[in-house]
2 protein chains.
Amino acid sequence: MKPDALRGHLDALLLATLDGRELHGYAIIEALQQGSGGALDLPTGTVYPALRRLERAGHVVSDWSTVGGRKRRTYKLTSAGLRALNAERSAWQEFTTVIGGVLGGDGKWAQT
Amino acid sequence: MKPDALRGHLDALLLATLDGRELHGYAIIEALQQGSGGALDLPTGTVYPALRRLERAGHVVSDWSTVGGRKRRTYKLTSAGLRALNAERSAWQEFTTVIGGVLGGDGKWAQT
DNA sequence: AAGCTATATGTAGCGCGCCTACACATCGAG
DNA sequence: CTCGATGTGTAGGCGCGCTACATATAGCTT
């Protein structure tokens, strides 16, 4: 998959990854890799700024912890973030319906 | 739908719209409106440059004609364009599978 | 005739959002 | 002690679609 195809859907992916659990940035990247069957391999330079943006937006909150001498910044969804996730899921539904409808299976829409 | 959500899928939409028929730019915009149920309303400043880009890429060819005193530039797919369309459709499939899989219906992927 | 809308094509410039490349730090293995 | 894995972060660039504008004819209204 071309790397920048996620344009506009990164937030949705991150929020969905944090749905129901707390993860730190590095673990989010790994979770996305596994959850996508290896198709998604987001660079840190993409994820970390995005997480900070989500935090500024109030969709996630972070806590620092130290595990084995390494500092981790663990993120979790806020209630606003959960609402945002639901909105993103709806937007995704609409998006795929519209684009998928135009791309069509193999025929035209109404050309009987 | 947010206007710039198409990022990376515009070419696919245009190619799909030209699949099996010849249209000029203005008609393409109208076809997209109808085919999407009104959800897509692409501005001319988006479509015309995109068509020229597709022509430079060899995916479409254009012919000028005059209908009722108005000049029309009618586009049609080339064989390379048809191949590109098929590739775009595959990419779309993969894209929706991957992202949709991560966004999930309502549960986690393998959290047994 | 003047003015407005629909039809029809096009350019210039901006801004968002993600990527590339780099920088820094600790720990375990070789 | 060097290297890779783990872990977080910044700086700068660039592609792509959008906004706004420019141009032109046909046809309808007033």
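Note that this is a predicted model, so its numbers are computed, not measured. Every chain is numbered from 1 and lettered A, B, ... according to where its sequence line falls, protein lines coming before strand lines.
Atom OH of A:Tyr26 and atom P of C:dA25 are 18 Å apart (whole Å). Distance, B:Lys71 NZ to D:dT23 C1': 12 Å, rounded to whole Å. Atom CG in B:Leu42 sits roughly 14 Å away from atom C1' in D:dT19 (whole-Å rounding). Going from atom CD1 of B:Ile28 over to atom P of D:dG17 covers 15 Å, rounded to whole Å. When the P atom of C:dT7 is taken as reference, atom CH2 of B:Trp64 falls 18 Å away, rounded to whole Å. Rounded to an integer number of Å, the gap from A:Glu30 CD to D:dA5 P is 12 Å. Taking atom CG of residue A:Leu14 and atom C1' of nucleotide C:dG17, one finds them 13 Å apart after rounding to whole Å. In this structure, the CG atom of B:Leu6 is 15 Å from the C1' atom of D:dT19, given to the nearest Å.
Ranked by how close their nearest DNA chain D nucleotide is to the 5' end, B:Pro49 and B:Thr44 are led by B:Pro49. When each of A:Pro43 and B:Gly25 is assigned the nucleotide of DNA chain C bearing its nearest heavy atom, the one mapping closer to the 5' terminus is B:Gly25. Comparing A:Arg70 and A:His24 along DNA chain D, the residue whose closest nucleotide (by nearest heavy atom) sits nearer the 5' end is A:Arg70. Ranked by how close their nearest DNA chain C nucleotide is to the 5' end, A:Gly68 and A:His9 are led by A:His9.
Across every non-hydrogen atom of A:Leu40 and A:Gln33, the tightest pair is O-CG, 3.1 Å. Counting all heavy atoms, side chain and backbone alike, A:Gly25 lies closest to A:Val47 at O-CG1, 4.5 Å.
The side chain of A:Tyr48 contributes an N or O atom lying less than 4.0 Å from OP1 or OP2 of D:dT8. Residue A:Arg7 has no polar side-chain atom (N or O) positioned under 4.0 Å from OP1 or OP2 of D:dG15. Dashed line: the shortest gap from a side-chain N or O of B:Arg72 to OP1 or OP2 of C:dA8 is under 4.0 Å. Contact annotation: B:Arg73 reaches the phosphate of C:dG10 (side-chain N/O to OP1 or OP2, under 4.0 Å). Look at B:Arg53 and you won't find any side-chain N or O under 4.0 angstrom from OP1 or OP2 of D:dC16.
A ring-centre distance under 6.0 Å is found for B:Phe95 and A:Trp92. Taking the six-membered ring for Trp and the full ring otherwise, B:Tyr48 and B:His24 have centroids separated by 6.0 Å or more.
Nearest nucleotide to the side chain of B:Arg52, out of C:dT11, C:dT7, C:dT9: C:dT11.
A salt bridge links B:Glu55 and B:Arg73; the closest N-O separation between the charged side-chain nitrogens and carboxylate oxygens is under 4.0 Å.
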